[in-house]
Protein chains: 2
Amino acid sequence: MARAIQLSVDNVRMGGGPFGAVVVKDGSIIGEGANQVSTLNDPTAHAEMLAIRRACLKLGAFDLEGCEIYSSCEPCPMCLGAIYWARLSCVYFANTAADAAAIGFDDVFIYRELEQPFERRKIPMVQIMRDQAAEGFRAWKDKPDKVSY
Amino acid sequence: MARAIQLSVDNVRMGGGPFGAVVVKDGSIIGEGANQVSTLNDPTAHAEMLAIRRACLKLGAFDLEGCEIYSSCEPCPMCLGAIYWARLSCVYFANTAADAAAIGFDDVFIYRELEQPFERRKIPMVQIMRDQAAEGFRAWKDKPDKVSY
């Protein structure tokens, strides 16, 4: 966690947001990241996302089971979703989503939005063409040699 | 949406998951993606994430306000979080998260996990070193020339 916090502090000096994260396997760091949303023009470039992507690249795997992530701040819904998809075994965090909200970040707002039904969300969600889209799911279901994830 | 569905169907043939997405600005596609989790070994490489990242790259911006996203499936929490961070104006989707769960994807499970308090989640979440992490947030708050996002 000391390394994740150091990344968050250094990143502010380098023009990025105050967030750092590291993925650890068997006591060693295998991926780290600091928020690069504004420096890369990539809204998905949160510290945890970059640390996860780099750890997966290092392991040559899309699964980080048995690894832990240390983040200087409680993960936002995007990053927590990525943590579940990556099957990390434990999340350590320092600042809370409420702490992040207090300095102007949308983490708490997005958590609240996800709890709302579609029709009450600030970004409208409209379902169309479900019948046509079933074709992709059928193709997946029927594929004998698929790589599940 | 027809293009997003086509991407989802083609992607199964190419060894990826049955998901496609496009970002549209002023009636034109500016970014598209199909799920590449298993083909790139990247758990964050969902169709929507790739479409958003490519649209941002094209515009040279981390903000997609005024753009819509068409996804062949209801976005998972990770992708919906990214949609909020990118400030997209509308989400069109075809298959539902429940449809995805029915063919073996964790979307509904992850939505349920996010609603749970930390101590009831399948992946443990442990807060440590909050006092030390405040340093990064103070540095951000005190930085006069920061780029907010």
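Letters go in sequence order (proteins before strands), and every chain restarts at 1.
The pair B:E32-B:R3 meets the salt-bridge criterion, with a side-chain N (NZ, NE, NH1 or NH2) lying under 4.0 Å from an Asp/Glu carboxylate O. A salt bridge does not link A:D107 to A:R112: none of the charged side-chain nitrogens sits closer than 4.0 Å to a carboxylate oxygen.
Other residues, nucleotides and ligands place more than 12 heavy atoms under 6.0 Å from the NZ atom of A:K143.
Among A:W140, A:F109, A:Y70, the residue with the largest count of heavy-atom pairs under 4.5 Å with chain B is A:W140. Counting heavy-atom pairs closer than 4.5 Å to chain B, the top-ranked of the candidates A:I128, A:L80, A:D63, A:D131 is A:I128. Each of B:M129, B:M49, B:Q132 has some count of heavy-atom pairs under 4.5 Å with chain A, and the biggest count is that of B:M129. Listed options B:G104, B:P75, B:S8, B:A82 were ranked by heavy-atom pairs under 4.5 angstrom with chain A; first place goes to B:A82. Taking B:R13, B:R138, B:K146, B:E74 one by one and counting their heavy-atom pairs under 4.5 Å with chain A, the maximum is reached by B:E74. Most heavy-atom pairs under 4.5 Å with chain B: of the set A:C56, A:P18, A:G20, this distinction falls to A:P18. Comparing A:D145, A:L114, A:T96 by how many heavy-atom pairs each has under 4.5 Å with chain B, the most go to A:L114. The choice from A:V147, A:I83, A:D99 that makes the most heavy-atom pairs within less than 4.5 Å of chain B is A:D99. Ranked by heavy-atom pairs under 4.5 Å with chain B, the list A:V9, A:V12, A:I123, A:I5 is led by A:I123. Comparing B:G17, B:P43, B:A86 by how many heavy-atom pairs each has under 4.5 Å with chain A, the most go to B:P43.
If you take OG on A:S72 and CD on B:E135, they are separated by 11.0 Å, rounding to the nearest 0.5 Å. Atom CZ of B:R120 is separated from atom CD of B:E113 by 10.0 Å, given to the nearest 0.5 angstrom.
The part of B:K141 that comes within reach of chain A is its side chain, from C-beta onward, which places non-hydrogen atoms under 4.5 angstrom from that chain. When heavy atoms are compared at a cutoff of 4.5 Å, B:S38 approaches chain A by way of both its backbone and its side chain. Of the two parts of B:I110, only the side chain, counted from C-beta on, holds a non-hydrogen atom closer than 4.5 Å to a non-hydrogen atom of chain A. Residue B:L59: no heavy atom, backbone or side chain, is found under 4.5 Å from chain A. For A:Q6, no part lies under 4.5 angstrom from a heavy atom of chain B. Heavy atoms closer than 4.5 Å to chain B are found in the side chain of A:N35, but not in its backbone. Within the 4.5 angstrom heavy-atom criterion, no atom of B:A102 approaches chain A. Contacts of B:A61 with chain A are made by backbone atoms alone, with heavy-atom separations under 4.5 Å and no side-chain atom involved. Of the two parts of A:A45, neither the backbone nor the side chain holds a non-hydrogen atom closer than 4.5 Å to a non-hydrogen atom of chain B. For B:C73, the part lying under 4.5 angstrom from a heavy atom of chain A is the side chain only. Using a 4.5 Å cut-off between heavy atoms, A:C90 touches chain B through backbone and side chain atoms alike. For B:A4, no part lies under 4.5 angstrom from a heavy atom of chain A. Heavy-atom distances place both the backbone and the side chain of A:R121 under 4.5 Å from chain B.
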>> Before you tell me yes or no, could you show the steps for A:Y84 and B:Y111 under ring-ring contact (aromatic ring centres under 6.0 Å, His included), namely the whole-Å CA-CA distance, both residues' side-chain angles and the distance that decides it to 0.1 Å?
In response: CA-CA 10 Å; A:Y84 272 89; B:Y111 270 111; over 10 Å; no
>> Working note: A:F93 + B:F118, criterion ring-ring contact (aromatic ring centres under 6.0 Å, His included); need CA distance, chi angles, decisive distance, verdict.
In response: CA-CA 11 Å; A:F93 67 97; B:F118 295 159; 5.2 Å; yes
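B:E68 has its side chain out of reach of B:V91: every pair of non-hydrogen atoms, C-beta onward, lies at least 4.5 Å apart. Side-chain atoms of A:F137 and B:F19, non-hydrogen and from C-beta on, do get closer than 4.5 Å to each other. Taking the side chain as every heavy atom from C-beta outward, A:P77 and B:M78 never approach each other to under 4.5 Å.
A donor-acceptor pair shorter than 3.5 Å can be found between the side chains of B:T44 and B:D42.
No option in A:V22, A:V23, A:I69 other than A:I69 meets the side chain to side chain contact (heavy atoms under 4.5 Å, CB included) test with A:E48.
Closest of all the heavy-atom pairs between B:K58 and B:I30 is CD-O, 3.5 Å.
Aromatic ring pairs are classed by plane angle as parallel below 30°, tilted from 30° to 60° and perpendicular above 60°; the pair B:Y149 and B:W85 is tilted.
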